Amino acid sequence: MPVTTVDERTLAQHSIRLILAQQTPEGAYPASPTFSAYRGYSWFRDGAFIADAASAAGYATSASRFFDWCASVLTDRAEHIQWIVSESDAGRPPAPQLMLPARFTFAGGDGTDEWWDFQLDGYGTWLWAATMHAQRHGESLERWRTAVELTVDYLVASWQRPCYDWWEEHQDHVHVSTLACIGAGLDAVAAFLDDDRRERVTAAVDGIRAVIAERGLTDGHLAKWLGSTAVDGSLAAVLAPLGFIPADSALGRQTLDTLDAHLDVDGGVHRYLGDTFFGGGQWPLLSCFLGLAHLAAGDRAAAERLYEWALAAATPDGDLPEQAGSHLIAPGMRQHWIDKWGTVATPLLWSHAMVLRLGLELGRLTPDDLSATTPARTPQKDSE
Ligand code: BGC
């Protein structure tokens, strides 16, 4: 990994500027403005973590606008969601292609491009991020109540189903990080719900915890999917920032040890062993998730090391890629993906968000560092 020429503060300011400048008038955060396969779409997963970082950085209005966008996507589909819930409750769960998609156009449409769409994690993550945001800024979830209730009903009815994972792969499995995103989201909003929904949510969260304990562990650590013996970089998020499993528990520590041993190479974190996407490089956003998890477990030095690697992944212009190509698991596959989709997605807004999030959590950045020289903040400032 070459040493970056962009210093930490400049990168942080560039990151928040990019996120604010790219947010669409509808409130959506594009995954990557330039990458062929992502252009024109916003994901609930990426967007929820981007909003969480914007919120932590003091840009509450931007985060709220994203949650407004999520809410309108959901309320526009209220009838369809109610149909999914009633069919599921009647023992006729709709086929995967009839479930909600993972990504939407900025205008909130389903889009016309084929995608690996049935993914449940983002629906939990938006609930979690919106609740954290409301708590952080002393706001209420009330303005999103209808959308929150629709999401809760959808997840309570569907959480046990196999679906695509964070990487839009392996649709036949139930993924532990997906379960944790759902569990963390349901748990976060429970106190806000009416008694009936809260009871159903409590039962679902208990069910998620039980299924992870029974089938989602291997060798004392979290597993990639129920019944798997492998790990996945997304499991770091289960420990932090989601906090669904305490990072400093025996299970958290064993998961951290295994992620370190299997996926971290010099601070750059691979998605999973056997990854071939663009040759299977290291993802800055995963270094940041692992850094957040180590920090939550009390290992600041490990978090700093991972953060340094993520910073160094920036281009000289300060853009962060989806993945860095300096250590590849499957070098022979890199060209295949370049021929198919062009060079690696750069900038990827989610990468920028996670560097901000970890920098803030480490205390190496403060919201003031991000406001002083960031012109784009002015129109968004909540205090104005
Ligand atoms: C990743 C997803 C991500 C999407 C948009 C895909 O390649 O696998 O996790 O949501 O890109 O960034």
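These numbers were taken from a predicted model, which means no experiment stands behind them. Ligands are counted one by one from 1 in listed order, and the atoms in each one are counted from 1 as well.
Using a 4.0 Å cut-off between charged nitrogen and carboxylate oxygen, E142 and R145 count as a salt-bridge pair. A salt bridge does not link R45 to D165: none of the charged side-chain nitrogens sits closer than 4.0 Å to a carboxylate oxygen. A salt bridge between D68 and R143 is present, with a side-chain N of the basic residue lying under 4.0 Å from a carboxylate O of the acidic one.
Looking only at distances, no side-chain donor or acceptor of R215 sits under 3.5 Å from a matching main-chain atom of L226. No donor-acceptor distance shorter than 3.5 angstrom exists from the side chain of H262 to the backbone of G233, with no hydrogens or angles considered.
For R200, the salt bridge (charged side-chain N to carboxylate O under 4.0 Å, His left out) partners are D153, D196, not counting sequence neighbours.
Contact shell of ligand 1 (protein heavy atoms, cutoff 4.0 Å): A31, Y38, W43, R45, D46, W166, W167, E168, R271, F277, E322, L348, W350.
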